[in-house]
Protein chains: 2
Amino acid sequence: MGEGAAGMGPRGVGGGAGGWSGGGADGLSGRGAGRWSGAGAERGGVPTVETIAVRAGVSIASVSRVLNGHGARPDTVTRVERAAAELGYVPNAVARSLKGGRTMQVTFAMSDIGNPAYVSMVREIQAVMKAAGYRLLLHSTDADVEDELAVLRSLADRTSDGLVLCPIRITPRHLDALARAARPVVVIGSLPGTPPHGPPVDSVRTDSVTGAEAAVRHLIDTGRRRIAFVNGPADTVPGHNRALGYHTALEAGGLAPDPELITTTDFTVEAGAAALHGLLDARPDIDAVFCANDQLALGSSQTLHARGRSIPDDVAVAGMDDTVLARAGWPPLTSVDLGSAERGRTAAHMLLDRLREPTGIPRAPARREIVMPRLVVRASSAPAAGAV
Amino acid sequence: MGEGAAGMGPRGVGGGAGGWSGGGADGLSGRGAGRWSGAGAERGGVPTVETIAVRAGVSIASVSRVLNGHGARPDTVTRVERAAAELGYVPNAVARSLKGGRTMQVTFAMSDIGNPAYVSMVREIQAVMKAAGYRLLLHSTDADVEDELAVLRSLADRTSDGLVLCPIRITPRHLDALARAARPVVVIGSLPGTPPHGPPVDSVRTDSVTGAEAAVRHLIDTGRRRIAFVNGPADTVPGHNRALGYHTALEAGGLAPDPELITTTDFTVEAGAAALHGLLDARPDIDAVFCANDQLALGSSQTLHARGRSIPDDVAVAGMDDTVLARAGWPPLTSVDLGSAERGRTAAHMLLDRLREPTGIPRAPARREIVMPRLVVRASSAPAAGAV
DNA sequence: GTGAAAGCGCTAACAA
DNA sequence: TTGTTAGCGCTTTCAC
């Protein structure tokens with residue numbers, strides 16, 4: 001729990017001056033004129049510790065103490081609290097941060113908030129952080145490496161106390177930036193090396209290789225033989241891992257990989273739909289499609305429907321991520337739950353642990369967590385009518 | 001990074017201090033204190049204007065000027081920039097905010113970031129704000145009125161420069177809080193009254209009454225007569241408006257409303273599935289279902305599929321919001337695009353306009369924008385086989 | 001227990 | 001052009 005952090009004092013917006021939209025004309029010369037210009041403490045403007053101090057007839061130090069529950073004479077407490085309530089005093093969080101060195105904000109950066117897998121991460125991270133008294137700063141990098149690096153670098157501007165980063169791929173520059181990050185960072189994804197040797201940052205990843213393998217094995221086990229594969233960009237970590245899992249399962253199942261059955265494209269519904277058209281044109285005998293994520297699987301399903309192929313009778317379909325989309329499709333999509341929500345939650349907790357570490361020198365060694373994938377079988381991959 | 005304390009080029013945070021994760025031992029005598037302990041400027045710690053000033057042999061004012069492009073002698077500029085680069089200096093945004101009164105952060109608060117409709121808003125708002133140099137603070141209120149009010153109140157803590165609020169409903173307390181908001185607020189949703197009289201805040205809304213009406217009219221026009229209605233909570237603005245549209249369209253089409261055809265539940269897929277079971281049990285002759293959002297429509301579709309009703313031959317289905325889910329379902333869902341993305345974009349721009357307003361007294365009057373809904377017809381509502 | 005005072009790091013008057 | 005200085009609003013020693 002965030003100790004007294006986010007304004008927990010006995011405050012309230014009780015009877016303060018009209019808000020930003022209120023008309024209040026205060027000709028104070030202290031600072032600019034307008035409503036929220038922060039005029040001096042004399043009369044107009046936003047109340048500060050000084051305003052309260054004057055009103056309560058105590059020093060600003062006492063105001064601060066009372067507001068932070070640092071004990072004071074009952075009498076003093078009462079007067080300060082009353083003054084604060086009457087003026088609708090709200091402490092300036094920026095000033096507090098400057099003094100305390102903490103902003104009670106953390107950043108979550110991923111490539112695109114439109115992706116359901118990220119949505120569940122955001123959701124969990126926000127919930128955990130909120131409970132701990134932190135606010136969540138969201139940053140979409142549009143899968144731009146420069147932007148990711150910029151986020152890492154901007155950690156030095158003191159805007160947030162830590163970062164959860166979900167990079168689309170890890171480059172040497174990422175490793176460098178991670179090593180010199182000004183604040184604790186937790187990476188959602190695979191980092192190279194093993195803790196003593198790898199980059200000194202905590203991370204949570206899923207075992208998508210195993211996940212992909214499980215899905216493909218399932219397709220094979222249910223009688224499919226000509227299993228197409230619609231993958232995302234091969235130079236991304238997710239793309240690479242899924243390909244690995246696909247090939248491993250194929251091999252284990254005694255099936256020869258066939259380049260004609262494999263397409264590499266973007267992680268979107270449209271790309272999936274297009275990919276399947278190409279695949280079906282080249283190999284009309286496909287009896288299953290394994291897709292690197294649910295969007296691709298949905299796109300594939302649409303093409304199958306559009307071309308009159310029955311799912312799962314003619315062609316089985318399986319996706320990955322088990323997002324809300326998997327249950328939205330028809331038939332409901334078999335998918336691999338890669339634990340996006342759990343990864344988000346875990347990452348958030350790891351970051352909180354770092355944030356709670358005392359400033360005293362020795363820092364705990366980097367942690368690596370792995371969330372195991374879980375195959376979720378739904379109707380889209382039921383055994384074909386005349387299957388094994 | 002743990003390996004070589006030697007890898008300190010003329011770059012990076014703390015110029016050789018190693019990042020947050022740097023080990024305890026840094027060969028450099030230049031810095032000694034903890035990573036981000038913020039020691040003085042003398043030797044340890046993070047560089048500040050003073051560190052730069054000393055190194056460049058100028059005053060802190062010159063440093064500030066150069067760094068902000070306020071002109072200085074070429075010679076000075078060079079020295080300062082070089083010193084800053086060598087030390088990997090990054091200005092402390094908090095200190096800057098305290099001085100300038102602006103944080104370059106804005107908040108977006110909605111009930112649940114898991115909802116696709118909000119996702120597209122977040123996405124747009126994020127993009128617009130990012131382009132304008134603002135960071136986005138995300139706040140999920142879990143549809144809790146107290147939390148919404150808290151967000152409004154917390155505007156006074158100076159943490160963000162403005163707020164885009166998408167409340168699930170507007171209570172008198174909301175109006176009160178909106179009126180005294182400490183910073184500009186843009187509401188996504190319907191506000192009571194008309195500008196001179198309503199609350200003094202900008203807002204964007206959609207005309208969901210007309211949208212719902214269009215969807216139902218479309219169902220009627222395509223030959224449906226027993227049109228069920230699966231609505232969200234009736235005490236929410238969306239719920240209320242959709243009910244209004246439904247009834248209006250029914251009346252215009254000469255159909256009598258039938259309580260048995262109407263269910264009120266939560267805005268979720270599961271709720272939609274359950275609702276339809278009830279509806280079909282009570283009225284097996286339903287030939288269309290109008291749902292208050294895509295999640296409900298998807299849930300309804302699943303129940304229809306599960307109970308062997310063909311879509312659209314037996315029953316037509318229409319949803320609202322036209323989220324990514326509408327295209328994910330099968331058959332693709334007819335839906336009403338309520339312009340979530342556009343509302344988000346508009347709200348962001350309205351907020352930026354406010355943020356750009358000079359502090360000079362007269363503030364522009366509140367604006368009210370309306371985004372018109374657009375019916376998107378897809379396969380789920382194709383006319384039934386033997387239809388009109 | 002309380003007040004005076006010293007900054008946190010930065011920008012902007014105001015002088016020189 | 002440059003340096004000195006005064007804060008922004010708050011927390012926190014350090015004396016009393």
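No experiment lies behind these values; they were computed from the predicted model shown. Computed from heavy atoms alone, side chains included, the values below leave out hydrogens, waters and symmetry copies. By convention in this document, chain letters (A, B, ...) are assigned in the order of the sequence lines, proteins followed by strands, and residues within each chain are numbered from 1.
Here A:Lys130 pairs with B:Asp147 under the side-chain hydrogen bond (donor to acceptor under 3.5 Å, both in side chains) rule; sequence neighbours left out. The salt bridge (Lys or Arg N to Asp or Glu O under 4.0 Å) check on B:Arg65 picks up nothing, with sequence neighbours excluded. With sequence neighbours left out, the side-chain contact (heavy atoms from CB on, under 4.5 Å) criterion links A:Ala95 to A:Asn92, B:Leu98. A search for side-chain hydrogen bond (donor to acceptor under 3.5 Å, both in side chains) contacts involving A:Arg367 returns A:Asp353, A:Glu369, not counting sequence neighbours. Listed by chain and number, the residues in a side-chain hydrogen bond (donor to acceptor under 3.5 Å, both in side chains) with B:Thr171 are B:His174 (sequence neighbours excluded). Here A:Asp144 pairs with nothing under the salt bridge (Lys or Arg N to Asp or Glu O under 4.0 Å) rule; sequence neighbours left out. Residues forming a side-chain hydrogen bond (donor to acceptor under 3.5 Å, both in side chains) with B:Ser160 (at least two apart in sequence, or on another chain): B:Thr107.
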Practice prompt. Classify every nucleotide of nucleotides 10-16 of chain D by which part a protein heavy atom approaches to under 4.0 Å, writing B for the base, S for the sugar-phosphate alone and - for neither, in 5'-to-3' order.
Written response: BBBB---

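A:Val58 comes within 4.0 angstrom of the backbone, heavy atoms only, and of no base. Residue B:Thr76 is in sugar-phosphate contact alone, with no base atom involved, counting any heavy-atom pair closer than 4.0 Å across all strands shown.
Here the C1' atom of nucleotide D:dC8 and the CG atom of B:Asp157 are 16 Å apart, to the nearest Å. Atom P of nucleotide C:dG3 and atom CG of A:Asp75 are separated by 11 Å, given to the nearest angstrom.
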Practice prompt. Output, in order, the C-alpha distance, side-chain angles, deciding distance and verdict of side-chain contact (heavy atoms from CB on, under 4.5 Å) for A:Thr51 and A:Arg55.
Written response: CA-CA 6 Å; A:Thr51 326; A:Arg55 181 153 187 140; 5.9 Å; no

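Axis angle across the helix from C:dG1-D:dC16 to C:dA16-D:dT1, with five pairs used at each end and values rounded to 10°: 40°.
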